[in-house]
> 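Below you'll find the structure I mean.
Every number for a ligand or one of its atoms is a count from 1 in the order of the listing. Quick caveat: nothing in here was measured; it's all calculated off a predicted structure.
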Amino acid sequence: MSETIVETSTETEASGSGHASKYTRNQPYSSKVQVNRLLTGPESEKETIHIEMELEEGMDYTPGDALGVIPTNRDEAVQAVLKALGFDGTERVLDHYKVEISFLEALTSRLGIGKLARGSVNQYAKLAGENAPEALKALTGPANKAVAEEYVWGREFIDLITEFPGIIKNPQELFNVLQRLTPRMYSIASSQAAHPNQVQLTVRVVRYNSHGMERQGVTSGLLGERAPVGEMLPVFLHENNAFRLPEDTNAPIIMIGPGTGIAPFRAFLEHREALGHKGDNWLFFGEQRSVSDYLYKEQFLAMHASGLLTKLHTAFSRDQEKKIYVQDRMRENSAELYAWLERGAYFYVCGDATRMAKDVEQALLDTIALGSNGTLEQANEYLAAMKKQKRYQRDVY
Ligand SMILES: Cc1cc2nc3c(=O)[nH]c(=O)nc-3n(C[C@H](O)[C@H](O)[C@H](O)COP(=O)(O)OP(=O)(O)OC[C@H]3O[C@@H](n4cnc5c(N)ncnc54)[C@H](O)[C@@H]3O)c2cc1C
């Protein structure tokens, strides 16, 4: 899920975008990985990497844009599915465009064999028809939605075909059962004003253990494990005019970017630095532990020392007994935060949509209410006005 709140902004030096649309998700650019390094330390519970990839002359992006990465499934995962289905991969199938390809290719680059969708379970049961096992039938239909949701959580296609084998008779049937393997978006973490022919990303490698198996996200896993320097990856630029630096280069900005939410703000800051923009910059970054999870620490400290980052606040939740998050740091600084808003500051949020974005919005509303001696209702009106002026922008996923 991605949400961006403001409408399309106009094109200007600071906010405009005019990137080459020659490459698209259907006709991606093959980009060479130039750097792939771990940002998190050995003590971290997470694995977050920094990737630099080469772009062709004319492939232009603007801070706030994202990069689409087209994944392939891991060989091990593909082989496990082939084995469980009793095929060898040389079978011929028609892809989504009715082009004939091998079943191996279909499983590698066309079909989403990763995280299981409820719709796939339904389709799979439909294929089995009357002969479907009772336990499989019990996962279908509107009445069993909640049970099915619980079943698919943490499971992949391999789990379904292992538990309920013998249903797929023809490889082509998988095109009715599985979703397409789709590109994933990553906020661009660099400015082209600083890195002309490059795009840089901050990627959290999704790994988890569920139902007795080690699992990984298909695309972040690819970037983490199968994208060494020199590797070529199919990518495309994705414009996001709803997440842009202010047109007024002197306008102050407040950036809330915990975890990988930091990515576009690194781009914003590099951009303002490279172009000598004078607006004040205030960054809130949060993660679990300062020792292992302070992403781009040296760069941000240097930006703070040089004065580019007017203010820098960090919140490391696990550094002390009581968890501290970015919204707590906002509350601690609410008087000054409100003063910045009154000065016309733009307020940006990027990162986790499920909890962080809501908690940050609540802290923002409380800040406004407190600062203006007003009610929460008045604070909501203030925020609505900010949205209208494009001074409240979110890119959350
Ligand atoms: C506009 C936008 C910008 C983004 N920017 C960034 C960015 O800068 N950096 C970044 O890292 N990501 C970013 N993302 C997220 C990114 O696009 C991917 O969604 C993310 O990398 C996971 O994709 P994947 O292919 O690795 O995992 P998938 O194969 O899609 O698997 C992820 C799924 O695995 C399941 N899962 C994950 N953890 C568990 C668990 N513990 N237990 C059970 N199931 C679990 C969940 O169903 C989850 O949806 C962005 C997304 C959007 C929309």
> Which pairs count as side-chain hydrogen bond (donor to acceptor under 3.5 Å, both in side chains) when at least one residue sits in residues 118-128, sequence neighbours excluded?
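Only Arg118-Glu149 qualify under side-chain hydrogen bond (donor to acceptor under 3.5 Å, both in side chains).
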
> Can an N or O of Val218 be found at a distance shorter than 3.5 Å from an N or O of ligand 1?
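Yes, Val218 has an N/O under 3.5 Å of an N/O on ligand 1.
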
> Determine, considering heavy atoms only, which of Tyr186, Tyr208, Phe243 sits nearest to atom 12 (N) of ligand 1.
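Heavy atom nearest to atom 12 (N) of ligand 1 belongs to Tyr186.
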
> For ligand 1, which atoms sit closer than 4.0 Å to a heavy atom of Asp395?
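Ligand 1 atoms under the 4.0 Å threshold to Asp395: 1 (C).
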
> Sub-3.5 Å donor-acceptor pair from the side chain of Glu287 to the main-chain atoms of Leu295, do we have one?
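No; zero donor-acceptor contacts below 3.5 Å.
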
> Before we go on, tell me: are the rings of Phe268 and Tyr348 under 6.0 Å apart, centre to centre?
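Here the rings of Tyr348 and Phe268 have centres that are less than 6.0 Å from each other.
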
> Can the ring centroids of Tyr151 and Trp153 be said to lie less than 6.0 angstrom from one another?
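Centroid distance Tyr151-Trp153: not below 6.0 Å, so no.
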
> Using heavy atoms and a threshold below 4.0 Å, how should the contact between Ala66 and ligand 1 be classified: side chain, backbone, both, or neither?
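Neither part.
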
> Any atoms of ligand 1 less than 4.0 Å from a non-hydrogen atom of Arg184? List them with their elements.
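Answer, ordered by atom number: 17 (O), 23 (O), 24 (P), 25 (O), 28 (P), 29 (O), 30 (O).
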
> Relative to atom 25 (O) of ligand 1, which among Thr219, Ile188, Leu223 owns the nearest non-hydrogen atom?
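Residue with the shortest heavy-atom distance to the ligand atom: Thr219.
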
> Does any non-hydrogen side-chain atom of Glu54 lie less than 4.5 Å from one of Asn197?
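The answer is no, as the side chains (C-beta and beyond) never meet within the 4.5 Å cut-off.
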
> Residue-level breakdown please: for Ser210 versus ligand 1, do any non-hydrogen atoms fall below 4.0 Å on the side chain, on the backbone, on both, or on neither?
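Within the 4.0 Å criterion, Ser210 makes no contact with ligand 1.
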
> Check for me whether the distance between the ring centres of Tyr23 and Phe236 falls short of 6.0 Å.
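No, they do not, as the ring centres are separated by 6.0 Å or more.
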
> Less than 6.0 angstrom separating the ring centers of Tyr296 and His50, yes or no?
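Centroid distance Tyr296-His50: below 6.0 Å, so yes.
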
> Below 4.0 Å, non-hydrogen atoms only: which portion of Val206 touches ligand 1? Side chain, backbone, both or neither.
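The answer is the side chain.
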
> Taking 4.0 angstrom as the limit and counting only heavy atoms of Gly217, give me the atoms of ligand 1 inside it, by number and element.
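Here the atoms of ligand 1 in question are 24 (P), 26 (O), 27 (O), 28 (P), 29 (O), 31 (O).
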
